[in-house]
4 protein chains.
Amino acid sequence: MVGYRFMGKAHSNAWRQAPRFFPLKGHIEMHTICGRNPTALQSARAQLGWQRACTDWRELVESPLIDIVDITTPNDSHAEIAIAAVQNGKHVLCEKPMALNVKEAQAMLAAAQKAKVVHMICHNYRRIPAIVLARKLISEGALGQIYHYRARYAQDWIVDPEFPLVWRLQKNRSGSGAHGDINAHILDLARYLVGEFKEVCGLLHTFIHERPLADAGGKALSLPGKTPRKMGKVTVDDVSMFLGRFENGALANLEATRLAPGRKNRIEIEINGSKGSLYFDFEDMNRLKFFETGSATDRQGFRDILVTQQGGVHPYVGHWWPPGHIIGYEHTFVHTIADFVNACVEGKAVRPNFEDGLKNQCVLEAVEESAKSGKWVKV
Amino acid sequence: MVGYRFMGKAHSNAWRQAPRFFPLKGHIEMHTICGRNPTALQSARAQLGWQRACTDWRELVESPLIDIVDITTPNDSHAEIAIAAVQNGKHVLCEKPMALNVKEAQAMLAAAQKAKVVHMICHNYRRIPAIVLARKLISEGALGQIYHYRARYAQDWIVDPEFPLVWRLQKNRSGSGAHGDINAHILDLARYLVGEFKEVCGLLHTFIHERPLADAGGKALSLPGKTPRKMGKVTVDDVSMFLGRFENGALANLEATRLAPGRKNRIEIEINGSKGSLYFDFEDMNRLKFFETGSATDRQGFRDILVTQQGGVHPYVGHWWPPGHIIGYEHTFVHTIADFVNACVEGKAVRPNFEDGLKNQCVLEAVEESAKSGKWVKV
Amino acid sequence: MVGYRFMGKAHSNAWRQAPRFFPLKGHIEMHTICGRNPTALQSARAQLGWQRACTDWRELVESPLIDIVDITTPNDSHAEIAIAAVQNGKHVLCEKPMALNVKEAQAMLAAAQKAKVVHMICHNYRRIPAIVLARKLISEGALGQIYHYRARYAQDWIVDPEFPLVWRLQKNRSGSGAHGDINAHILDLARYLVGEFKEVCGLLHTFIHERPLADAGGKALSLPGKTPRKMGKVTVDDVSMFLGRFENGALANLEATRLAPGRKNRIEIEINGSKGSLYFDFEDMNRLKFFETGSATDRQGFRDILVTQQGGVHPYVGHWWPPGHIIGYEHTFVHTIADFVNACVEGKAVRPNFEDGLKNQCVLEAVEESAKSGKWVKV
Amino acid sequence: MVGYRFMGKAHSNAWRQAPRFFPLKGHIEMHTICGRNPTALQSARAQLGWQRACTDWRELVESPLIDIVDITTPNDSHAEIAIAAVQNGKHVLCEKPMALNVKEAQAMLAAAQKAKVVHMICHNYRRIPAIVLARKLISEGALGQIYHYRARYAQDWIVDPEFPLVWRLQKNRSGSGAHGDINAHILDLARYLVGEFKEVCGLLHTFIHERPLADAGGKALSLPGKTPRKMGKVTVDDVSMFLGRFENGALANLEATRLAPGRKNRIEIEINGSKGSLYFDFEDMNRLKFFETGSATDRQGFRDILVTQQGGVHPYVGHWWPPGHIIGYEHTFVHTIADFVNACVEGKAVRPNFEDGLKNQCVLEAVEESAKSGKWVKV
């Protein structure tokens, strides 16, 4: 695994937990973790449960002892590492967003296809049990023809102007802000649940243009009132919003913001069709709300489905705890890695793969283009 | 109508509104309002829409021009006025609780039955559309055998120890506190929704024993720090709680309190049966939540039914506004009076009548007895 | 009053109730109701509480006995009636949307200003107590600089393709569909709560293009399977969505749809600022949710404010019932008419007036233009 | 660790995860797991991550290589194993309820105190972050004098009469039903949050008296309609309810049921005091609702606190994921074991200990006595 911070911690946990709760088709050995700061890396290695550590990712992608490479680094390094890994025949799991731009993503997909390895983008929210159930209901026609996909991903972690200029706020490291970081999630879910986008029209906006510079650990280098204050320029969006049309005729409204006080990690999705509706909120991720027009008229209402039933009734959760004993954020990674490992062992494709990553990137880029031109852009 | 304060206002509104929204079988003339303070009464008469006012309720119950007497006075006067009214052949609508005790209630019922008039107790919550729907679902067997009736009526209007000693806090005027005022409501709903009580075991408790004396308008006569402070003794309960068993075997848990900060007028009811459950909250009174075990296992969940559908789908609301346009507290009185008027015109019985009032009083008294003896008491 | 259907019923109720609950500065006499179908009109007159009825609105606007004209007719007649009324010196309350287009709205405003009468648009949602509280909190700076105004008005009353072609689905009668009918409401609230729009970019969409023709009462003229089936063309939008920028820099996202199964009359509004957030849902209209960043960090959370406190703490509701006894849809009209009557008596301006109506119309038209051109349009 | 089923799985996960997320003061070695069925045990050993397995718990409690014994077996074996373990100088973590009765619990406490080991009862819900926050708020006086503790633990896993007669439904194995299994939880939380019980009055009830016999794995031995049907008698309660008084004067209302359709693992707790209120629901366990009377009157409301803030703001969660990334059921065990391990290493006491277990057992037994006598019983 390359990377050891937030996503490194979440992925490592998933690598450890997957075999404890899911009947995997192969054995997981957590061989090597890779990072650039040797001290922090050694500490992470021990804490996260890896056998070895190295500071050069090339070592890792070239090691004959390694079958799978998991990339959790900042976005600007995804393409280089992933391409090298697949060229070395490794199966690759890559964090989202796949790349800085469409061109990189195309190169990654081409390399992976050529190498005939298993490739996956870690859009872990596709494996929230409630989301899988949503897809099942839609596939079964429970919503009829889809009219609306409306989603919002809202956070508030940078609402304080004193929050420092971490890598996620620098375009050269991250590619974009809320757009690629969180709008990418609800955009991927749109494609998973509704279908492909046809055209989009949107805007990107930055409200806070300058922030204190940060040290390597993400702390502000200087405090208010101290001279000289070291400030840097925010080069990504705080907010990304767009309207869109799907190829199947449905309408889209997506919004991502990091400036919504009180919304910590809220993903609200509402889907309306000719026969029913669905509603999901990630802060209450064990539930799915479902309305259908077909039932007796006096008792119609959104059903508050607690998606924790056992015995295969609800996806994934039967491997965890009894009904009503909820799971959390990290479990979505465990589900992702369990499916990925099984796919690698069997040499079968798994979704979302690099093709999905590329398609997502195309939509992201179309929105960026629209934000510049002020016009609708075909995807 | 006798009485012109809170309940007088709510009843007057209902008398005015009923013919505007419901197809009544008779014509309503708002003839006379009665109260003891002539000045306040005249102002209330004009404001509330009555043609005449009088200060002696005997005048009203004896008037040949009046068919219906509506009693909204404090509880200590219900029995005397109601008995005089029915003896004069008036149909009577009486506020709850029916009387100060079982003996009074028995006398009222006997008098009404002898007079062969229409008699009703204004348990207006029986005519909340969601509650009527709940009863329908239970009657249709949607819940199967009932196991649990659990209800709580919680308010906070006297949580401030400086709130003055109004008549509702004096046993000689009100009979009891939270017990007869609000536990009476959820007790009546228990009988409406589940059935008759068999035995009860409960407690009454007063946390705040002394309060500032109040003037006629309900304001404190003296302020903290002023000398001499005029305080009086609270002679009723702040809290009333009891466990019970219904004749059909279901279990009951009822609680009423005026000391729950943040709960303004919250009535929470949950009913569980062998096949399903219902949940209702009066602060969100246009909704009923319904769970049934029979539907497809992957999509079971409490349905959040917005009880505002037209065309007879949901009770009463078709006479008001389109779906989703909610109604409020006062509408329950309009429904009650619409049904009462139609019953009077047709000379038919209507529920809850004085017999219900008496049965409720018997349960209230059994709880009081249990609170004293510390034992279970048969109803 | 001109018009006697849905809005006629709501307005009549408000004219009757306002003097019962609010201390008005003048006396209301419900003089004449006007409509075209004499039979239906007479029945409405009696039911709704008007003294006289007439079938020619010119009679009404010219009568010297009438001071106020209230217009609740379909949108294509607003301009003609309103202009005639103000020219005759009447104060005018006009239903929303103000007119079929900007040109009509301009003529109405000019006439009203010239006549120096009191003029008001019945955007009754401005007088929901929770909305007034929202404005107060924003005015006091509790949200800091506003970043986001996000609103959705969702209904489902035409999701059934068999629902007939009523006047609201015909462009020549209504001007537009969800756009002018319900997007107009959340657009007006945007201006009330946040400020003026600078530019917009949006789309209008019709999913169901053909519906059964309706009779005068709004029932389908023919049933499925019957020959010959009489179908007509839907000439308005089912859905209206737009992104926008306010003059103060805030971002807007508004969506209105009549095709959201299970959403009966849902208006969801979320406003985020640098210091806090607000959330409102009209199906739960007695509540406002409020988050502020300033309080102790361990106990921050959206406050669920039940906007029913007495004694002037919360707007309007002190005139109704005790805390926790909720009010409903119709009360917003009572508040509107109480304020309008007081303004007429005192000859003072009241908001939202025809100027607001015109500004709303300008935004609506800018969105329509954007929907055609596929570009951002300055308001 | 003794036991390897549901609780064995939850505890094993906690032993594995605690050192990954929490800075423990000692090193955890997962030495031996113990159970009676050798085949199932070996499979559990590998799956759950233990080094060795044995079928005789005496081997384990006597092993010099083991410092800590964790008991997750059915309730009838707790006392014997725990006493042997502490007598061998092991620190003991024991699942709840502590024992079959007060007598056993007393013996366990005496043995543990004599052995001077660290002892803990696994009431894991005390370490839900929202519950710890609740206690903090109460300790700080945010609620003032406590008036009400009202809790309900509701499940529905045995609502189907075909659900088989597992050990939890047999009095000789479990001691009691909903009473000791789940009422024990909310009773322990009552003591944690409010204080000691003074007296109680309650009932136990069994609605379904006979169920199909189960095999060792908990499956029914025979199906409906098959002859001969093997049925067995349910010897425990389905429902346990009681009213109570705390020593500090607060009132209690506790209810536990396994017959509430749609309530999967719902723990609802409401606490009201003279200055504020708290509300918690375990199905939404990352949140705590808090009302305080002290804040500005126009913006009072229950705060919906998402208890996931980092940096020590909220307990425990800083070790997991960023704000808004929720945790689940199993995390409460990780917190418990992290605290227990640190206490063992430092030789310090930790709560809830065997003394708490005994006190809980005394309350449970007092309720049982009251259920038999129909009277209030002093604890």
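Every heavy atom of this structure was used, including side-chain atoms; hydrogens, water molecules and symmetry mates were not. Every chain is numbered from 1 and lettered A, B, ... according to where its sequence line falls, protein lines coming before strand lines.
Ranked by heavy-atom pairs under 4.5 Å with chain C, the first of A:Ile208, A:Leu243, A:Asp160 is A:Leu243. For the set C:Lys264, C:His205, C:Gln300, the count of heavy-atom pairs under 4.5 angstrom toward chain A peaks at C:His205. With chain A as partner, the option from C:Lys375, C:Glu255, C:Arg245 having the largest number of non-hydrogen pairs under 4.5 angstrom is C:Glu255. Between chain C and the residues A:Val159, A:Leu203, A:Thr293, the most heavy-atom pairs under 4.5 angstrom are made by A:Leu203.
Looking only at distances, no side-chain donor or acceptor of A:Ser277 sits under 3.5 Å from a matching main-chain atom of C:Gly262.
Annotation for C:Glu369: atom CD does not count as buried by contact number, only 12 or fewer foreign heavy atoms lying within 6.0 Å.
Shown here for A:Pro261 and C:Gly273, the closest heavy-atom pair between the two residues is CG-O, 3.0 Å. Nearest approach of C:Asn272 to A:Leu259, heavy atoms of both residues: CB-O, 3.7 Å.
Ring geometry, C:His148 versus A:Phe207: the interplanar angle exceeds 60°, so the pair is classed perpendicular (tilted spans 30 to 60°).
Looking at A:Glu270, only its side chain comes within 4.5 Å of chain C, counting heavy atoms on both sides. With a threshold of 4.5 angstrom between heavy atoms, C:Tyr147 approaches chain A through its backbone and through its side chain. Proximity to chain A (any heavy atom under 4.5 Å) is restricted, for C:Phe242, to the backbone atoms N, CA, C and O. Using a 4.5 Å cut-off between heavy atoms, C:Gln145 contacts chain A through its side chain alone, with no backbone atom that close.
Under the 6.0 Å distance and 45° angle rule, C:Arg263 does not count as a cation-pi partner of A:Phe291.
No side-chain heavy atom of A:Arg150 sits less than 4.5 Å from a side-chain heavy atom of C:Thr257.
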